[in-house]
Structure formats: structure tokens, C-alpha cells
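Each residue takes its place number in the sequence, starting with 1. Atom set for the values below is all heavy atoms of this structure, side chains included, hydrogens, waters and symmetry mates excluded.
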Amino acid sequence: MPSIGVVVLLSSLITLVAVIYQNPGPYLTPILASLPFAIPQFFEQIYCYNAVKTNSESLPHAECFSVKNGHFKRVFSAESDIVREARTGHVIPGLWDGHGHLLQLGELKNSVDLFGASSMSEVHERLISYKSLHKTAGNSEEWLRGVGWDQAVFGQWPVASDLEFGSEFKDLYVMLDRIDVHCIWVSEKVLSLLPNPLPEIPGGEIPAKGVFCDNAMDIVLQHYPEPSSERKTKFIKDAMRELNKFGIVGMHDAGVTPKHLKLYGTLSQKEEWSVRVYAMLECEVRNTFCPEKAIEVASSNDKFYMRSVKLFADGALGSWGSAMIEPYSDKETSSGSLLVNATTLTRLAREWSGAGYQVNIHAIGDLANRLAVNAFEEALGNLCPDASLHECQSKHRFRIEHAQIIHPDDQHRISQIGIIPSIQPTHATSDMYYAESRLGKDRTLKEAYRMRSLLPLNPVFGSDFPVEPANVFEGIYAAVTRRSPKTGLDPAGGTDGWYASETVTVQEALKGFTLNPAFAAFLEDKAGKIEPGAYADWVVLDKPLEAFDMESLRKANVKETWVGGKRVYHRPGPEDLAT
Ligand SMILES: *[C@@H]1O[C@H](CO)[C@@H](O)[C@H](O)[C@H]1NC(C)=O
Ligand SMILES: [Zn+2]
């Protein structure tokens, strides 16, 4: 039997340890946070910085917060001067990308980067240098993948035989996504797998031998050898590492098939899953009703949420695929194509929302946007026969993904109902070079790439990575300046900004990457802000966001990213380079 003295000694030791854990001060905090075991989780830990921007109405600015069990517990000002001296860094809430593609980003990190390639020979050079590092790529089991080409730089559509060059590039399986991932360009070897003649696919185009757009991509994708689960797990890990680097703590995955939902469900329970994912279900066959598939999927947890569905109304503007009310100005025989007719779109919106899902429709052209609003009106009327559309929408939170070109009448309807636009500011600055020639001056002025006009609807901002870089600071820059984050210029080569009346402020843009995506994912109590009870997700910057001048903002990088009270990224410093 232990003596009284030992018991007293032990219990005071335990108390002392507990006190230190609960209030470790600036020196012990980082040490405790880095402990390899879970003890810190059980105690309240305090973090202090030069300033904390909270996005919270009750306390917009603070200096310290405490974290317990992965959530913020208290938010407050520094209590002592010791603390005040020791802290560095300026905190903002963890960033969210409201529309991206997680697996595809990881796949891109593991494929040839063709973005910005300015000629066919540059494409060839990049393929050759990739192949020299990845010897096995291009066999029948593991096709050589790439993304980022644009026919505009070739002056014409590429063809399959363009991928037969030099000694290494004979008889390889090659599949390269267009910059907007709405077309693929494949090699002769891939073509040899396909039926001859090729089938006609509604909503699909084959503009050249070896190029397949929108629905026609399925002809090829049926033959694409699926990467193994191990490879997909690596894709996800690589993607999350990249996202954390940009201060991203959460993302909305705009199209996850049932099989991948299952993989997400499993992986999200592991420690390495460092980005919260709000998934939009995409049926194996696009634009169908497949709720039974979703039910099989592992249930949501704090890092993975499943309650929305993605439908597709049309294709993209770059390949004349977006569905327009009037023909294109630079292709008067075409007004794009719908991927689904109005009857089916409306039926799907009713069915999915009736089954309890948030309905998110991809719509780029003004016809597609009109049909999306029509479908939502029907579905809302069906869901809440006794409430106004606006009231009903505020519960169900339907979204239009991209919402790029919207007729003024439909902009008005969207505002009346309160439909959430999901906007990618860097799409505007990538498309601004050709948008006016596709649409003409009048349509561009009144309909295209609205931002400020849609602000009252609390638009979700995102990047659509990997179509655009996942860098949120480039997104903020594009929204605030309407200039290219790559060059700092507008299409005229100036700095006025492209249709500058649609710019937003830095604070509004930040909201688009924090509070608005939280609301659009039904996470307004948990994400996008630093408040007691919210997830302990935050980003440390070198200076306040407002203190960056615009030109340094587009190149800004974060110092640290924290998810659930755990540091998932820190910028390498001199001490890291030394080791
Ligand atoms: C719409 O599409 C569905 C499915 O492809 C088809 O069965 C239906 O006839 C079409 N409706 C109209 C009005 O074209
Ligand atoms: Zn997308």
C-alpha cells in the first residue's frame, strides 16, 4: 500500500502537469503541440499572435485563442506582456475552396503539366522530359496523362498523330486533358481501342481525329485503365499537401463518384487526411438519380461530408460547349449544347432534393443558367408548397456551379430566390482574353462573369482546381483587380481591370473563401471563422491581409496552416534548409 505521502506527491504532480498543459505559455505551447501522442488534445491549449482576424461578428479582432479537442474554446486578447512579446504572425480563419476536384489535382501532380505550353514543340518537350523520369508511363495499364493544352496556341485542333514523334513516343497510350478539362486529346494507340466508326454521342463533339469533347469523352474513358486504390490514395495525399500549402483547410469537391466517396469515407478517418472535404455526389452515369449508391457510402465525419449532388447542364466556353440562348458571336452556326434537356434536369432536381440532397448544377452559358433556375424553381415549389421560394431556398441552399454567363432576367430571378452562385474568379481572368469575341460586347457587358452584382447572394469562391491553380491568393487577386494573377494585367495590357465595375474588396473576397463556402456547405457554425465551438482551423500570415499591396498579394504565401488544432503545413525556414 503506498503511503499517504506518495499519493499526495503523485496527485500534485498530475495537477502541475495539467496546469502546464492548460496554460503552457508561449515557450511550452509549440513543444506540447508537437508531442507525438494525443495528450494535448485533452487539455485546453492557448495560442497568441500579433493579431487574429476572426470573421466573427461578436469579436472581429483578437490576439489569442484556445483550442480543445480540435475546436476553438475561447477567443480573447493577450493577458500579459510576456505573451505579447513572444508571439509572431497574423492569423486569418482557415481558407476554403468552394469548387475543386481533389483526386484530379492529385492526378495532375502525377502527370505532365502542359499549362502555358505555347507551341506543339513545347508540348513535345514537356512530354519527353516527363517520360524520361517516369519510364513506365504510357503502357496499357498506366496511360501517360497530362493536362493544360489549349488549341488556341496551336492555331487549330491537335490530332492523334501529333502524339507520335521521336523514338520514345511511338505506340504509347497517351491521354491529355484540355486546359478546361472539357476535351481530351489521345494518341493513335488509344484510338485503336475505340469502335470504328465512332458512335454519335448527344452533347459530345469530336472536333478532330483524336480529340473528344464533353460527353464524347466517355467513348475514350470507358477504356481508361483505372489507377489502383494505392495510386489514388497517393493522389489524394499529394493534393492535400498542395492545398495545405495555400492555407486551404477545406474544399468542396465538385463531383465525386460513389466508388470514390467510399474511398474518401475510409481515408478521412485517418490522421493524414488534412483537408475537410464537402463532397458533391456524381453518379457513375452523369445526370441520373442514384441515391441507393450514396447510401452505401460510409457516413460523414468532421473531415468528410456528403449531402449534395452535382448535375451538369452544359460544357465550357473555351470549346464553344456552353449552352447559349443566342448563337456565339464568333461561331454563328452554334449556340453550344446542353448535356441534358430541360425536362430531365427539372425531374432530377426534384428527385434529388426530394431525397434530401442539396442540388448543385454546373451551368456556364446563359441558356444553361436559365434552365438551372427553372429546375430550382420547380424543385423548391415541390419541397415547400406553403413557403416562398426564397424561404425554401434558404433551407435547401441550391447552388449554380460557375454561374458564368447569366441573362439579366435570370440574374434578377436568382437574386429574388437567393440561389447561391459558385464563382471562380480566376476563370474570369483566364477567359477574359477570348470571352468578348465569343459573346460580343453587349452580352459580355450585361451577362458575363458577374461578381460584384452577385455579392448580395454571398457567392462561394473557388478555383476549380486543377483547371486553375489552387492558390487562394491568386483567386482573391483576380476578384479584387479583375486582372490576371499571372501577369498583373488586363487583356488590354493595362491595369484598369477587365470590366472593373465587377471587382470586389479584399474583405469580400476573403468572405468568398471562408464564410460563404461554410454556409453553402451547411457548416456555418463550424467553419470559416474563429469562434468558440468552431473547428480550430487557421492560417498564419507574415502580415495582415489588408497590409499586402495588390502585387505582393498575388504572390503571397502562408507561414502556417492548422487544421483541427494540428499544424499541417509550415513554410520551410532557414532552420529547415540547414537540415
Ligand atoms: C429528354 O431527355 C430524355 C432522356 O434522354 C428523353 O427520354 C426525353 O424524351 C427528352 N425530352 C424531350 C422533351 O426532349
Ligand atoms: Zn469543376
Side-chain angles (χ1 to χ4, degrees), residues 49 51-56 60 65 70 72 89-102 105 239-254 273-278 302-303 305 422-426 458-466 468-480 485 504-521 523-524 526-531 534-548 552-571:
Y49 295 93
V52 176
K53 180 183 183 65
T54 64
N55 269 0
S56 165
F65 47 74
F72 292 118
H90 293 259
V91 167
I92 56 172
L95 300 169
W96 281 68
D97 190 310
H99 180 125
H101 302 272
L102 187 66
L105 176 63
M240 288 191 167
R241 190 174 309 132
E242 167 103 346
L243 297 175
N244 289 152
K245 202 176 89 185
F246 294 127
I248 294 172
V249 303
M251 56 101 41
H252 299 182
D253 197 323
W273 185 270
S274 61
V275 175
R276 301 182 199 276
V277 175
Y278 180 75
D302 272 352
K303 288 192 180 156
Y305 318 83
S422 168
I423 296 172
Q424 298 75 44
T426 45
N458 298 322
V460 173
F461 282 1
S463 66
D464 205 4
F465 65 74
E468 304 283 350
N471 188 338
V472 174
F473 298 94
E474 293 191 13
I476 294 175
Y477 178 88
V480 173
V504 306
T505 66
V506 171
Q507 183 52 37
E508 287 158 349
L510 179 66
K511 197 167 167 247
F513 284 106
T514 51
L515 293 171
N516 295 353
F519 180 82
L523 289 170
E524 65 271 29
K526 292 287 184 187
K529 60 186 179 181
I530 295 172
E531 223 176 65
Y535 294 137
D537 302 345
W538 72 93
V539 172
V540 186
L541 302 174
D542 297 305
K543 52 185 177 181
L545 193 59
E546 299 77 21
F548 284 87
S552 60
L553 184 64
R554 72 187 160 106
K555 295 174 194 140
N557 53 47
V558 315
K559 208 167 133 139
E560 294 177 1
T561 306
W562 294 69
V563 175
K566 205 172 151 257
R567 193 172 71 178
V568 293
Y569 169 77
H570 77 282
R571 188 174 59 210

### Query
Roughly how far apart are H252 NE2 and Y305 OH, rounded to 0.5 Å?
9.5 Å
### Message
Quick one, R571 and V540 - any side-chain contact, counting heavy atoms below 4.5 Å?
### Response
no
### Query
So, do V249 and R276 sit near enough that their side-chain heavy atoms are less than 4.5 Å apart?
no
### Message
Classify the ring geometry of F65 against F72: parallel below 30°, tilted from 30° to 60°, perpendicular beyond 60°.
### Response
perpendicular
### Query
Y278 and W96: side chain to side chain donor-acceptor pair (under 3.5 Å), yes or no, with the steps?
CA-CA 10 Å; Y278 180 75; W96 281 68; over 6 Å; no
### Query
Which residues pass the side chain to side chain contact (heavy atoms under 4.5 Å, CB included) test with A547, sequence neighbours left out?
K543, P544
### Query
Rounded to the nearest 0.5 Å, how far apart are NE2 of H99 and CZ of F461?
14.5 Å
### Task
Answer yes or no: is there a donor N or O on one side and an acceptor on the other, between the side chain of W538 and the main chain of I530, under 3.5 Å?
no
### Task
Decide yes or no on side-chain contact (heavy atoms from CB on, under 4.5 Å) for M240 and L102, but give the supporting numbers first.
CA-CA 8 Å; M240 288 191 167; L102 187 66; 3.9 Å; yes
#### Entry: V563 vs V275 side-chain heavy atoms within contact, under 4.5 Å
no
### Query
Quick one: is the NZ or CZ of K245 closer than 6.0 Å to the six-membered ring centre of Y569, and within 45° of its axis?
no
### Task
State, to 0.1 Å, how close L243 and A470 come at their nearest heavy-atom pair, and which atoms those are.
CD2-CB, 3.6 Å
### Query
If only atom types and distance count, is the side chain of D537 paired as donor or acceptor with the main-chain N or O of G564 below 3.5 Å?
yes
### Query
Nearest heavy-atom pair of F246 and L95: which atoms, and what distance?
O-CD1, 3.7 Å
### Query
What heavy-atom pair brings A509 and V480 nearest, and what distance separates the two atoms?
CB-CG2, 4.1 Å
### Message
Less than 3.5 Å apart, any donor N or O on the side chain of S463 or D97 sitting next to an acceptor on the other?
### Response
yes
### Task
For P485 and T426, work out which heavy atoms get closest and say how close.
CG-CG2, 4.0 Å
### Query
Heavy atoms, side chains only, cut-off 4.5 Å: are N557 and N471 in contact?
no
### Main-chain N/O of W273 paired with K303 side-chain donor or acceptor, under 3.5 Å
yes
### Task
Mind listing the closest non-hydrogen atom pair of P469 and E474 along with its distance?
CG-OE1, 3.7 Å
### Closest contact, heavy atoms only, I248 versus N244
O-ND2, 3.1 Å
### Nearest-0.5 Å distance, CD of residue E560 to CG of residue L541
10.5 Å
### Query
Does Q507 have any side chain to side chain contact (heavy atoms under 4.5 Å, CB included) partners at least two apart in sequence or in another chain, and if so, which?
K53, N55, T505, L510, E546
### Query
Tell me, do V91 and W562 make a side-chain contact under 4.5 Å, heavy atoms counted?
no
### Query
Heavy-atom distance under 4.5 Å between the side chains of H101 and D253, does that happen here?
yes
### Message
I need the I92 CD1 to T54 OG1 distance, nearest 0.5 Å.
### Response
12.0 Å
### Query
Hey, mind stepping through F465 and M251 against side-chain contact (heavy atoms from CB on, under 4.5 Å) and telling me if it holds?
CA-CA 10 Å; F465 65 74; M251 56 101 41; 3.3 Å; yes
### Summary
Residues at least two apart in sequence or cross-chain that pass side chain to side chain donor-acceptor pair (under 3.5 Å) with N516, listed by chain then number, are none
#### Entry: Nearest-0.5 Å distance that lies between atom NZ in K529 and atom CG in L515
7.5 Å
